[in-house]
2 protein chains.
Amino acid sequence: MKKRLSISDIAKNLGISVTTVSFILNDKAKEKRISEAQTKKVLDYVAQVGYKPNQLAKSLRTGKSKTLGLLVEDISNSFFANIADQIEKFAYDFGYHIVYCSMNNDVNRAKELIQLFYDRQIDGFIIAPTEGLTEVIQRLLKNNVPVVLFDRHLEDLDTNYVISENHKGAYEGTRFLLEEKQAARVGMITIDSNQLQMRGRMEGYKEAVCGLEKKMLVEKIVREQPEEETIQQIRAFIAENQLDGVLFATNYLALSGLKAIKRYNLPIDKLVSFDENALFSLVEPAVSAISQNIPVIARQVVDILINEINGKSEGLVQVVVPCELIIR
Amino acid sequence: MKKRLSISDIAKNLGISVTTVSFILNDKAKEKRISEAQTKKVLDYVAQVGYKPNQLAKSLRTGKSKTLGLLVEDISNSFFANIADQIEKFAYDFGYHIVYCSMNNDVNRAKELIQLFYDRQIDGFIIAPTEGLTEVIQRLLKNNVPVVLFDRHLEDLDTNYVISENHKGAYEGTRFLLEEKQAARVGMITIDSNQLQMRGRMEGYKEAVCGLEKKMLVEKIVREQPEEETIQQIRAFIAENQLDGVLFATNYLALSGLKAIKRYNLPIDKLVSFDENALFSLVEPAVSAISQNIPVIARQVVDILINEINGKSEGLVQVVVPCELIIR
DNA sequence: TTGAAAGCGCTAACAG
DNA sequence: CTGTTAGCGCTTTCAA
């Protein structure tokens, strides 16, 4: 790469000191009472030669990088993709940038990434945590690194978080299947995980089913298995229990479920899934969705984090955002 | 945040010089013939106190950030999401990290991002460029910043790139509709853009249609319009031309197309789309796909870029990767 | 109103 | 084999 201009080049070429240039470039011209003429001269020259400060040096000096780290499980999941998008926009309004990373179900990789971001002096973290991450996040907290969790939180960790009303959402989704759709046997398909959001969804399902004195039928899918196995498992679960309705705990389970239903022509058409997905309205049977309020979640996450970074937060902030049932 | 240990803290605490510590930490212990004992002492101590070098300072000093910038149009498009994922993995194997960003159809934002990345001393760029980006990319090139384009390239720009065999893919997709599926009237739905990959796909369609002496029926969709308008436009296009087959130039157009077909019950079931999408096998009518070879593209992109960064490239590298027709 | 100079944490040339 | 030191580009205190 061609050598880039530095602030001292600018100063030299203009025959003034770096201090003056720095002040002007950081909008401290009037505060430091630098003359109009001087200011204009510098600004014009900088624009003309296209000088851009070296952010690395700036960050090294100030200790702030104006960058936030966003860690999600899987960026190709539409829920995370959309929320990443929104978060990036809001952060941008505050002058912050986002670097994001999928941890793809790999705890060690996730730990490395957190460390990496920390090494790069990231100003704060936004994390959709998995169970194995408790320790690393704990460490961040101990070092007073600003952190906000979203989508789920970790039980034995006192942190800021923004989550959805999982319990109520699942409850309403299940009620909808049982009452409006008149389903007789509604099963729940969830992942074999202790993640809090999944537990909430489970509780909601349980409460709705038990409230109407129906039988609880729950199938847990191991997250790491190949999709084909999941499909078979769902197929068996639906067939053996003669289900006519299913509540899926996440959108990717619903996708596998649809594949099973379609491929084996399973006689079931009352479906609800957590999280939206473009195909839910396109597919037969259509899938109703318990949709999380992505813009609100994103907004809150960013606000909380920025506040904390600016030292303006008093105590932990924990937000629960309502879901919306989208009927199809 | 708690103050972090620096290399000089380590040196002081151990009663040795920073040089020694630095050499050991950078695996130059034997090269600089530092004693086993010393090396071990430092390594142990560093592990014990959990010291991590400040990457900012390191980058500032060395001029390398070991980070690559990845710019895509829309990270929630499954094609880009998957390729981002793969690129990240391959880059990781070389010790590089990826920062990625959606430009969401906003040229100014894209320019800013490129500038931003450049300011952060990114070592190289991976870009799926849009037309408005010619200038900025040109500037990067002029400054000898390593760049690889993918998915498309820019006509009047001599760059490294990795693209798919768009022409051949579209040709085979169209032939498939006309011959295997016996479609009589096959239209093409594409975007109103001059992007090279779209032109290639168009040419392929044209060649197949003309080769069989059929009529060319092409509809161009304005990229920025609300999806509802797109749906209406597609509906009208299919109805007015009494199409029984369609070739979609991208997966998101196919999604809108499916919505139109489904909502208005259009009598058409011979569909092919560029790029895969999870729902193509789930939906009725099923959509065959001209699938791009994502792992190969990702691998190539990373290899080319790393080579260039290491100064090991001789001249431009331009790769065209075959597509695969996935029949449904 | 402006400038000199210290120092953020690190690497590496040079000296011993 | 190890230490001293300059300097990457920037901000900011202190002095003028």
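Naming: A, B, ... by sequence-line order, numbering from 1 per chain. From a predicted model like this one, the values you see are computed outputs, not experimental measurements.
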Output the single nucleotide from [options] whose closest atom is nearest the side chain of [X].
| X | options | answer |
| --- | --- | --- |
| A/Asn54 | C/dA12, C/dG9, D/dC10 | D/dC10 |
| B/Ile16 | C/dC10, D/dG3, D/dT4 | D/dG3 |
| A/Tyr51 | C/dG9, D/dT11, D/dC10 | D/dC10 |
| A/Lys58 | D/dT11, D/dG3, D/dG9 | D/dT11 |
| A/Thr62 | C/dT1, D/dT11, C/dG3 | D/dT11 |
| A/Pro53 | C/dT1, D/dT13, D/dC10 | D/dC10 |
| B/Thr20 | D/dT13, C/dG9, D/dG3 | D/dG3 |

Under 4.0 Å, heavy atoms only, any strand: does [X] hit a base, just the sugar-phosphate, or nothing?
| X | result |
| --- | --- |
| B/Gln38 | sugar-phosphate |
| B/Thr19 | base |
| A/Ser22 | base |
| A/Lys64 | nothing |
| B/Leu56 | nothing |
| A/Lys30 | nothing |

Just N and O in the side chain of [X]: are any of them under 4.0 Å from OP1 or OP2 of [N]?
| X | N | answer |
| --- | --- | --- |
| B/Ser8 | C/dC10 | no |
| B/Ser6 | C/dG9 | no |
| A/Lys28 | D/dT11 | no |

Separation of [N] [atom2] from [X] [atom1] (nearest whole Å):
| X | N | atom1 | atom2 | result |
| --- | --- | --- | --- | --- |
| A/Asp27 | D/dT11 | CG | C1' | 14 Å |
| A/Arg61 | D/dC10 | CZ | P | 13 Å |
| A/Lys12 | C/dG3 | NZ | P | 15 Å |
| B/Leu60 | D/dG7 | CG | C1' | 9 Å |
| A/Phe23 | C/dG3 | CZ | C1' | 10 Å |
| A/Arg120 | C/dG9 | CZ | C1' | 15 Å |
| A/Arg33 | C/dT1 | CZ | P | 5 Å |
| A/Ile34 | C/dG3 | CD1 | P | 9 Å |

So, taking the atom named [atom1] in [X] and the one named [atom2] in [Y], what distance separates them when rounded to the nearest 0.5 Å?
| X | Y | atom1 | atom2 | answer |
| --- | --- | --- | --- | --- |
| B/Arg120 | A/His97 | CZ | NE2 | 6.0 Å |
| B/Gln121 | B/Thr62 | CD | OG1 | 10.0 Å |
| A/Tyr51 | A/Asn13 | OH | CG | 12.0 Å |

> Which of these, B/Ile87, B/Val162, B/Asn160, B/Leu68, sits in a side chain to side chain contact (heavy atoms under 4.5 Å, CB included) with B/Leu305?
Replying inline: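 When B/Ile87, B/Val162, B/Asn160, B/Leu68 are each tested with B/Leu305, the side chain to side chain contact (heavy atoms under 4.5 Å, CB included) holds only for B/Leu68.
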> Can we say B/Arg223 and B/Glu73 salt-bridge, meaning some charged N sits less than 4.0 Å from an Asp/Glu carboxylate O?
Replying inline: yes
> Are B/Arg109 and A/Glu88 within salt-bridge range, i.e. N to O under 4.0 Å?
Replying inline: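 Salt bridge flag = yes for A/Glu88 with B/Arg109.
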>> I want to confirm an ordering. Mapping A/Ile7 and B/Lys32 to their closest nucleotides on DNA chain D, which one lands closer to the 5' end?
In response: B/Lys32
>> Reading DNA chain C from 5' onward, which residue's closest nucleotide shows up sooner: A/Gly15 or B/Lys52?
In response: A/Gly15
>> Quick check on DNA chain C: between B/Leu25 and A/Ser35, whose nearest nucleotide comes earlier from the 5' end?
In response: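 Looking at the nearest nucleotide for each, A/Ser35 comes out on the 5' side.
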>> Which label fits B/Tyr161 and B/His153: parallel for a plane angle under 30°, tilted from 30 to 60°, or perpendicular past 60°?
In response: parallel
